[in-house]
**Q** 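If you scroll down you'll find the structure; I have some questions about it.
So that the names make sense, note that chain A is the first sequence line, chain B the second, and so on, each numbered from 1. For clarity, every value in this text was computed on a predicted model and none was experimentally measured.
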Number of protein chains: 2
Amino acid sequence: MPQADRALRKDAALNRERLLEAARELFAERGLSVTLNDIAHHAGVGVGTAYRRFSNKEEVIDALFEDQLVQLAAVAEECLAAPEAWAGLVSFLERSLEWQFGNLGLNELMNDASLGDERVADARRRIAPLIEQLVQRARDEGVVRPDLDQSDLIFVQLGLSAIMRASREIAPDLYRRYLSLFLDGIRAHRSGASILPAPALSAADTHRAMTRARAR
Amino acid sequence: MPQADRALRKDAALNRERLLEAARELFAERGLSVTLNDIAHHAGVGVGTAYRRFSNKEEVIDALFEDQLVQLAAVAEECLAAPEAWAGLVSFLERSLEWQFGNLGLNELMNDASLGDERVADARRRIAPLIEQLVQRARDEGVVRPDLDQSDLIFVQLGLSAIMRASREIAPDLYRRYLSLFLDGIRAHRSGASILPAPALSAADTHRAMTRARAR
DNA sequence: CCACAACCGGATATTCCTGATCCGGTTGCG
DNA sequence: CGCAACCGGATCAGGAATATCCGGTTGTGG
């Protein structure tokens with residue numbers, strides 16, 4: 001009878017690492033819909049091996065993303081410590097979205113709480129109050145409109161995510177344009193308009209982006 | 001041998017109407033992913049009957065939505081004729097989104113050009129230049145920021161759609177709040193901030209909305 | 001160095017969906 | 001009244017995702 005918590009045999013341990021690495025890559029590129037079979041092949045390993053190490057996909061997601069969400073919480077705290085509330089708020093949105101841009105899986109995880117398991121939900125709960133504070137502080141300093149709510153940041157990220165997914169391959173930083181527009185909308189006062197960080201898409205590119213909006 | 005374009009037998013004609021009506025309802029409620037089988041059952045009709053009338057789902061979509069897109073084009077023209085460019089622009093966005101709110105299928109059709117067939121694509125192409133004109137006129141009157149582009153309206157609708165879908169059951173008009181924020185972002189000048197038409201969601205409701213974001 | 005538990009790979013089974021056809025029985029209509 | 005047109009739903013085809021099984025291989029403790 002094998003010892004219960006016996007260390008993996010070294011070939012097994014190596015394969016486990018390969019699987020996690022492959023999963024990291026595939027989730028980032030193609031989102032959470034990839035299969036354990038996909039991951040196995042991308043890792044150059046048999047499907048059986050994948051199922052021996054992880055009983056299902058949830059377990060892999062869990063292993064990979066929990067600490068990513070924790071890191072995001074760290075970013076939020078960092079932004080909360082910024083000297084000016086406005087700069088902190090902007091920086092948080094920028095970095096959060098940038099992160100989600102580079103990692104489709106993380107994006108899906110953040111915008112659909114039905115995915116991932118309890119541990120991921122915990123991390124999410126840890127981030128929520130930080131966002132609340134970011135907004136509160138900006139309101140106190142009078143740099144954002146007084147009716148701005150914490151939930152606004154959540155929903156705006158949801159909207160920007162949709163834009164990002166549609167345009168990511170055609171104009172990777174188009175979403176920044178709309179983030180900028182949103183920021184101009186939540187400022188307490190502005191006389192002119194800020195300079196938008198990305199040019200608008202041509203009609204043809206717009207059509208291309210919309211055509212593959214939901215393609216998988 | 002039956003006459004080529006012979007009128008349907010009256011029971012057949014009745015069933016065809018029932019099918020179209022059922023399709024209208026289901027597409028509006030549950031989007032374009034519903035099955036011809038679903039539609040048949042909802043119409044109280046056998047699956048075979050459905051396939052006898054329409055060779056596939058595309059054909060039903062085509063029959064139902066082409067004129068909806070045409071009507072939307074009419075709305076755009078109407079807004080183009082408004083005395084003030086700003087009011088026209090706002091009105092167009094409001095009405096377009098309102099329409100999409102009441103009809104999930106139309107929403108999907110507008111935000112994913114890969115769906116629907118050629119005739120629907122035509123209708124879409126007819127709307128594009130009208131949007132261009134709406135934006136052009138607003139720029140000419142100096143009421144919107146000069147760097148606003150026609151494609152911005154498209155992408156913003158895409159983003160607002162995502163918000164709408166997430167919150168539609170919990171707070172049906174939450175999306176208006178974000179439309180308002182966006183409008184404040186594209187105005188040429190504003191001193192204070194407009195009054196938002198819908199209150200923000202509580203933290204609990206926000207979580208509920210995100211949880212069922214992609215649920216089907 | 002040897003025996004065996006642990007491990008490997010991938011063919012294969014299972015489940016679930018969607019799309020589409022077939023066919024025995026029924027019905028409107030000329 | 002007779003039959004072409006129609007009806008309903010059981011049924012088949014195809015595909016995707018999940019999960020298991022098993023004959024062959026390999027690392028490791030004794």
**Q** Quickly work out the A/Arg30 CZ to D/dA16 P distance and round it to whole Å.
**A** 13 Å

**Q** Return the value, rounded to whole Å, for the distance between atom OH of A/Tyr51 and atom C1' of C/dA6.
**A** 21 Å

**Q** Look up atom CD1 in B/Ile170 and atom NE2 in B/His207, then write down how far apart they are to the nearest 0.5 Å.
**A** 10.5 Å

**Q** With the threshold set at 4.0 Å, does a side-chain nitrogen-carboxylate oxygen contact exist between A/Arg24 and A/Glu21?
**A** yes

**Q** Aromatic rings B/Phe101 and B/Tyr175: how do their planes relate, parallel, tilted or perpendicular, breaks at 30° and 60°?
**A** parallel

**Q** Just the rounded figure in Å: distance from P of C/dG19 to CD of B/Glu58.
**A** 11 Å

**Q** What string of B, S and - do you get for nucleotides 7-12 of chain C, 5' to 3', when a contact is any protein heavy atom under 4.0 Å?
**A** SBBB--

**Q** Would you sort out whether A/Arg177 and A/Leu174 count as a side chain to side chain contact (heavy atoms under 4.5 Å, CB included), showing the intermediate values?
**A** CA-CA 5 Å; A/Arg177 179 179 175 88; A/Leu174 184 68; 4.1 Å; yes

**Q** Please determine whether a side-chain nitrogen of the Lys or Arg among A/Arg95 and A/Glu78 lies less than 4.0 Å from a carboxylate oxygen of the Asp or Glu.
**A** yes

**Q** Output the rounded distance in Å from CG (B/Leu36) to C1' (C/dT18).
**A** 10 Å

**Q** Determine: side-chain N/O of B/Thr35 to OP1/OP2 of C/dC17, distance under 4.0 Å, yes or no.
**A** no

**Q** A/Ile61 has an atom CD1; how far is it from atom C1' of D/dT18, in whole Å?
**A** 14 Å

**Q** Should A/Arg176 and A/Glu98 count as an ion pair when the cut-off is N to O under 4.0 Å?
**A** yes

